[in-house]
Amino acid sequence: MKKDMTTERVFQIFKELNQIPRPSHHEERVADYLCQFAQRLHLEYERDAQNCVVIRKPATKGHESAEPIVLLNHMDMVCVGMKDPLNDPIDAYTENGWMKARGTSLGADNGIGLSMALAVLEDDTIVHGPLEVMTTTNEEDGMSGASNLSSDFIKGRKVINLDSEDYDTITTGAAGACLQFHRIPLQRKPAPGGKRRWYHIQIAGGLGGHSGVDINKGRCSAVIPAWAILAAIYNEYDFELASLHIGEANASIASSADIILTIPSGEGAEFVKQQEDQMNQWLREEYGNGDPNIHCTITKCTPTDTVIDTKAFETLMSCLEQIPQGVVKMSETMKDTVETSNNVGRISTEEDHIFVSTHTRSFVDSEMEALSRDIANVFKGRGASSEMIMSAPAWQEDQQSDFLRLTSDTFNDVLGWRPRLVAMHFVLEAGYFVQHYPGIQIACIGPRIVEPHSTSERIELSTIDDIWRVLQELLRQLA
């Protein structure tokens, strides 16, 4: 294996991808890019109705009889911190050995893995058997791309999934996940007149993060302080809620909240302002170590034209009180691993309803299904509707398989150490691939990505080079 392997082209492709806005459900332009990439290289490709794309590259000469290998990635990303996710590019930069983005999520999940796969297609010096670069859509917000794949879309039954964030591991299992959207009917009415005070309550500065891998790290979901401060004011004084917006993405821990409300002038105004100091003290006591910068501010604001009806607000508060937020159960068989969790990702007041998303995860499908049903029943019991957006099965690979052993051996040969084989508390498309393609085997590897799904997302540059080297050698070995 040559010594001077470089990731320069990987970075160039990643830069190109980051000029193409790619939030979930809006991947058309990335799919166009992939098809044009294949056309430029004169490679066979296929694009389905979900905009999933597979690009096929023939084997290196002399390796035509090798088993086909699939390089799997997804093309969408969680767009956090972007004012206009459909148009804003990502401003990435490097600092002290890490790549970051200015003010937004970076898109390394899963853009860097996709960049590696495309670089393999472009580099004819890499030895490999028949190759299929498979890129799915909407992985981050429903997995509709993977769940709707046709049974003949790929031929390979050995998959290297480059959608991984733990550099020193081979992910061999993933939790199942259920994403639900709940809608509480509301009626808007003219804002009350008379002497009133209008306030803008903000929760900000939270770390947020991935609602699977970061769910047990002591971070504060903005849903919790938002509920607490609204409950405190509601229990003391009559007030009218004008708007409520919590969270940035369904798959993220909510890092911020914006609330606009009004109360009659008088003693209540002083009470509301007191909540700022009390809330900040509580946040420091509860989350000073795990989420030190989250804070609350309450400022006066201009009146709005309308407010929402009290029944809708009371329904929301009751439902949030009854459903879990965070870790529900730790695993008894996997040390320090969350078995079951639930995250309230987004809450927003819309024109005729309050929208709430919940993301339930578990390594035990029956527990995930039961908890999801319980959550839906809480909302339905208060007159709200619930819609199942995604229900992805858990997945567990045979850790003793020859494929995983070869992958581990390759790490040892190239980097001089063996990765851990672990199951992770995030959902992967692997469960759908196991359903669609019997006999498939999957190994998930990737560079070190920290704080995905947040404005603090960053990737360690040296680990990109290492995984690139491992990938090339693993393809050679499989050929």
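Note that this is a predicted model, so its numbers are computed, not measured.
- Looking at Asn138 and Asp76, their side chains never bring a donor and an acceptor atom within 3.5 Å of each other.
- Residue pairs meeting the salt bridge (charged side-chain N to carboxylate O under 4.0 Å, His left out) criterion with at least one member in residues 215-225, sequence neighbours excluded: Asp214-Lys217, Asp214-Arg219, Arg219-Glu451.
- Around the CD atom of Gln19, the shell of radius 6.0 Å holds more than 12 heavy atoms that belong to other residues, nucleotides or ligands.
- Exactly one of Gln325, His210, His359 qualifies for a side chain to side chain donor-acceptor pair (under 3.5 Å) with Asn343. That residue is Gln325.
- A salt bridge does not link Asp305 to Lys189: none of the charged nitrogens lies less than 4.0 Å from a carboxylate oxygen.
- Scanning all heavy atoms of the two residues, the minimum distance from Ala174 to Phe426 falls at CB-O, 3.1 Å.
- Legend: ring-ring contact (aromatic ring centres under 6.0 Å, His included) pairs involving residues 252-279, not counting sequence neighbours, sorted by first then second residue: Tyr237-Phe271.
- Remark: Asp238 pairs with no residue by the salt bridge (Lys or Arg N to Asp or Glu O under 4.0 Å) rule, at least two apart or across chains.
- A distance-only check finds a donor-acceptor pair linking the side chain of Asn110 to the backbone of His74 [under 3.5 Å].
- In this structure, the ring of Tyr437 has its center no less than 6.0 angstrom from the ring center of Phe153.
- Residues that satisfy the salt bridge (Lys or Arg N to Asp or Glu O under 4.0 Å) test with Asp466, not counting sequence neighbours, are Arg469.
- For the pair Leu244/Ile260, no side-chain contact is recorded, criterion being any heavy-atom separation below 4.5 Å from C-beta on.
- Of the possible donor and acceptor atoms, none in the side chain of Ser366 sits under 3.5 Å from a partner among the backbone N and O of Val364.
- In this view, Arg373 satisfies the salt bridge (Lys or Arg N to Asp or Glu O under 4.0 Å) rule with no residue, not counting sequence neighbours.
- The salt bridge (charged side-chain N to carboxylate O under 4.0 Å, His left out) analysis of residues 160-181, with sequence neighbours excluded, yields the pairs Asp168-Arg420.
- Of the possible donor and acceptor atoms, none in the side chain of Ser105 sits under 3.5 Å from a partner among the backbone N and O of Gly107.
- Lys100 has a carboxylate O that lies under 4.0 Å from a charged side-chain N of Glu95, or vice versa, which qualifies the two as a salt bridge.
- Of the charged side-chain nitrogens involved, none lies within less than 4.0 Å of a carboxylate oxygen, so that Arg22 and Glu27 do not count as a salt-bridged pair.
- Using a 4.0 Å cut-off between charged nitrogen and carboxylate oxygen, Glu350 and Arg183 do not count as a salt-bridge pair.
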